[in-house]
Amino acid sequence: MPALNNTTLYRGRFAPSPSGALHLGSLVAAVGSYVDAKANNGTWLLRIEDLDPPREVAGAADSILRCLEAHGLHWDEEVSYQSQHHQYYQQSLQRLRELQLTYACDCSRKLIQQQGGHYRGYCRHRQVTAKQSSIRFFNHQPVVEFDDEHYGHIQADRAFAEEDFILRRKDGFYAYHLAMVTDDIRQGVTHVVRGADLLQPSACQLSLYRALAASPPYYLHLPVVVSQPGRKLSKQNHAPALNNDCASVNLTRVLTLLNHAVPAELNGADCASILHWAVGNWSRAKLPASYEVLIPKAENS
Ligand code: GLU
């Protein structure tokens, strides 16, 4: 892992989707990305990934902002909202089109399921003209391995990494990989710190960086919080929203899950003091080696 010094540029970010309030699992990504950035004299950006209106919950974006503030996680620069940046995604799509790396596809999800669940490039040479078609990435030079700053050398699942994934959906919305990569390039993000559930998708994102001839960021994935093995805390699993009145306790729990137990003398301390301690004592080497961390039963709320 390259040692960072004071002159190394570090721009990190937290990029929640406003599909619900933050929970303990999302706080791991928020705290991990914040502390890693600040421990390296970096900038920490906040980007609201409100790209998928059908999945959004009214008021969630504001509640995320308030929750981060209540936990002392103050972002640098202006909050960025993906819903306001469609023109940049269009530009990336256009660039890929010029490079002949896009094509239209009208395959249904059902058809892809019948073919084994992975898209095999069926429409690559079909010249689909249907109105209801998605736009796919012609992933002819897929990235299938990369280094993660925490988990080391990653060999991605080939069937997944080699897929011609969607850039723009049938309903006209831009897809996550395209928007995320476009924004991370545009915002000069150098370090992506997030949950290990996004480890495999990094391969697809790296293929886009390669196609767009942009330098990729460092990736550092953090263990995912589970309530029982394999059961990730998530909005879909009805993980309880964080209680802002217990912000310093929440921070302490998250840091403990990341093997950075806050010393007893900070019991009852405010968020700023806990985060200050975390930044001063942060060590990537101490992060749990596993892909999942289990919250103790008694704390399972
Ligand atoms: N918006 C994504 C999510 O909430 C995270 C994106 C990322 O960190 O790359 O799952």
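The first residue in the sequence is number 1, and the count goes up from there.
- A donor-acceptor pair shorter than 3.5 Å cannot be found between the side chains of Glu163 and Asn139.
- Remark: Arg136 qualifies as a cation-pi partner of Tyr119 under the 6.0 Å distance and 45° angle criteria applied to the six-membered ring.
- Note on ring orientation: taking the six-membered ring where Trp is involved, the planes of Tyr219 and His221 are parallel (angle under 30°, cut-offs 30° and 60°).
- Side chains of Ser248 and Arg253: no donor on one and acceptor on the other come within 3.5 Å.
- With sequence neighbours excluded, no residue forms a side chain to side chain contact (heavy atoms under 4.5 Å, CB included) with Lys131.
- No hydrogens or angles considered: a donor-acceptor pair under 3.5 Å links the side chains of Asp183 and Tyr89.
- Side-chain contact annotation: Asn250 with His71, donor-acceptor N/O pair under 3.5 Å present.
- In summary, the aromatic rings of Tyr103 and Phe137 are positioned with their centroids too far apart to meet the 6.0 Å limit.
- Using modelled atom types and a 3.5 Å distance limit, the side chains of Arg120 and Gln115 yield no donor-acceptor pair.
- Side-chain contact check for Pro16 versus Leu46: some heavy-atom pair is nearer than 4.5 Å.
- Here Leu294 sits in one hydrophobic cluster together with Val224, Val226; the rule is ILVMFWY side chains under 4.5 Å apart, joined directly or through other members.
- Side chains of His85 and Arg186: a donor on one and an acceptor on the other come within 3.5 Å.
- For Ser92, the side chain to side chain contact (heavy atoms under 4.5 Å, CB included) test picks out Leu178, Thr182, with sequence neighbours left out.
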